[in-house]
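Here the structure comes first, spelled out in structure tokens, and everything after it is commentary.
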Amino acid sequence: MKRLLLLFTFFLGMTSVHAQETLEELKAIQGSKKDSIAAIQKRVKAIQTKIDALPGWKKGAFGTIGGSISSFKNWYAQGTPNNNSGNIGFTVNAFANLNKEAFFWRNSANINLSWVKLDDKDDPTDSDSFREATDVFNITSLYGHKLSDKFAISGLAEYRTTILNNFNDPGYLDLGVGVTWTPIKDLVVVMHPGNYNFVFSKEDTVFESSLGAKILIDYTRQINAISFKTNLSMFQSYESSNLSNWTWTNSFGYTLWKMIGVGFDFGLRNNKQEALNYALAQTPPTATSFEDVDNDLQSYWMFGLNYKF
């Protein structure tokens, strides 16, 4: 019996040693394979960099969809205890860029739309429909004749308006010429001292077109699972600071599974003409001119699902 126990113990020890050696061998093999995968990925990335540097069209798009719905009944802790509410919105960022040896042509579009509803069941006059909340539409086309790898003589056309409500009222069209600087890949800095800002509106007493300087900074990049875009568009009127404006928009997307992920968008805007137009439309008006209007900073943000095209 003792001999059997000794043989059994010896057998277990040998099995454990063999298993331990096998595990270490498998880990060693796994480590070499990981090194091989990393080397392959590095070579693929280098090839993709060369492909991206080739002249021709580069196109892409990504967007964010966000929304929620809720219903409350006899929820007395809030001011509207019986209500149905919801919001839905989406953002789309798209670009189509042509790069040639002597010139480039960059085109982009940004659309941000959202709707919101708050139906007060205790108020029969309350609307139960969705209403427009965020309404942003912006398209840009930039052409440049290259003087060097980083500088070009350029012409820019940029149009901004709303499309769900008050289309082209106001609408802004910038047309100008100057220079474009591209210090690094995907970063574009436009400096146009000769720019005319056309403003379209039914309200002629507030909105006015003028000559001024245009600065536009855009950085759009896709790095593996991350997509992001930041765009700053500024117009400085030579006639009056009251006619100047700027808009800064940002979009971020992170892909979690296949083409689906999470996204975050936010934007800031300063436009004194829009602030005065809104103040004059109130009952009673909250301002009478540019001198007494509260030009508060405009902003929006949205978080939701993201899809990369």
Side-chain angles (χ1 to χ4, degrees), residues 30 33-34 36-54 56-71 84-99 106-118 129-140 160 162-165 184-188 217-233 247-269 299-309:
Q30 184 186 53
K33 297 298 183 183
K34 286 183 177 180
S36 299
I37 292 172
I40 293 172
Q41 289 176 337
K42 186 176 180 180
R43 291 197 296 270
V44 171
K45 186 176 180 180
I47 294 172
Q48 185 62 50
T49 301
K50 293 180 179 179
I51 292 173
D52 294 338
L54 291 174
W57 284 101
K58 299 293 186 299
K59 303 174 184 178
F62 67 97
T64 301
I65 300 175
S68 68
I69 57 174
S70 63
S71 179
N84 292 330
S85 63
N87 66 80
I88 185 171
F90 68 91
T91 300
V92 176
N93 295 283
F95 65 90
N97 301 328
L98 176 63
N99 186 32
R106 304 178 63 91
N107 303 276
S108 64
N110 171 256
I111 302 174
N112 189 324
L113 307 176
S114 69
W115 297 261
V116 63
K117 129 174 156 172
L118 177 61
S129 302
F130 279 89
R131 297 178 296 172
E132 300 87 355
T134 305
D135 194 353
V136 177
F137 178 77
N138 184 25
I139 55 175
T140 303
R160 306 184 308 279
T162 56
I163 57 178
L164 296 178
N165 191 19
I184 60 175
K185 186 177 180 294
D186 301 313
L187 175 61
V188 179
I217 303 173
D218 184 274
Y219 189 56
T220 304
R221 189 78 186 272
Q222 295 185 16
I223 305 175
N224 299 326
I226 301 174
S227 301
F228 61 90
K229 176 184 178 69
T230 181
N231 181 281
L232 176 63
S233 178
T247 302
W248 183 34
T249 58
N250 300 270
S251 297
F252 301 90
Y254 183 77
T255 303
L256 297 173
W257 178 71
K258 292 186 177 180
M259 307 298 284
I260 300 174
V262 293
F264 178 71
D265 295 80
F266 76 91
L268 302 173
R269 173 183 284 177
S299 66
Y300 72 83
W301 67 269
M302 182 171 66
F303 177 81
L305 293 177
N306 176 271
Y307 187 84
K308 185 172 71 173
F309 300 89

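- Side-chain contact check for Asn231 and Ser233: no donor-acceptor pair (N or O, by modelled atom type) lies under 3.5 Å.
- Just one residue in the list Asp265, Asn138, Thr249 forms a side-chain contact (heavy atoms from CB on, under 4.5 Å) with Asn93, and that residue is Asp265.
- Ring geometry for Phe266 against Phe252 counts as parallel: the plane angle stays under 30°, on a 0 to 90° scale with 60° as the upper cut.
- Panel note: side chain Asn97, backbone Lys58; no donor-acceptor pair is recorded below 3.5 Å.
- Rounding to the nearest 0.5 Å gives a distance of 11.0 Å between CZ of Arg106 and CG of Leu98.
- Distance CD1/Ile88 to CE/Met302: 10.0 Å, rounded to 0.5 Å.
- Asn112 places no side-chain N or O within 3.5 Å of a backbone atom of Val136 that could act as its donor or acceptor partner.
- Taking CZ of Phe90 as the reference point, atom CD1 of Ile111 lies at 6.5 Å (rounded to 0.5 Å).
- When all heavy atoms are compared, the tightest approach of Phe303 to Gly263 is CD1-O, 3.3 Å.
- With contacts defined as side-chain heavy-atom distances shorter than 4.5 Å, the pair Leu113/Asp135 qualifies.
- Taking every heavy atom of both residues into account, Ser129 and Lys117 meet most closely at O-CB, 3.5 Å.
- Taking OH of Tyr254 as the reference point, atom CG of Asn224 lies at 9.0 Å (rounded to 0.5 Å).
- Nearest heavy atoms, Ser251 versus Phe62: CB-CE1, 3.9 Å.
- More than 12 heavy atoms of other shown residues, nucleotides or ligands fall within 6.0 angstrom of atom CZ in Arg221.
- Side-chain contact between Leu164 and Phe137: absent, with no pair of heavy atoms (C-beta onward) separated by less than 4.5 Å.
- In this structure, the separation between NZ on Lys229 and CZ on Phe95 is 8.5 Å, given to the nearest 0.5 Å.
- Under the 3.5 Å distance criterion, with hydrogens and angles disregarded, no donor-acceptor pair is assigned to the side chains of Asp186 and Thr220.
- Counted within 6.0 Å of CZ on Phe264, heavy atoms from surrounding residues, nucleotides or ligands total more than 12; the atom is thus considered enclosed.
- Of the possible donor and acceptor atoms, none in the side chain of Ser227 sits under 3.5 Å from a partner among the backbone N and O of Gly253.
- Note that CG of Leu118 and CZ of Phe130 are 11.0 Å apart. Values are rounded to the nearest 0.5 Å.
- Looking only at side-chain heavy atoms (C-beta outward), Trp115 and Glu132 come within less than 4.5 Å of each other.
- Between the side chains of Thr91 and Thr64, no donor-acceptor pair is found at a separation under 3.5 Å.
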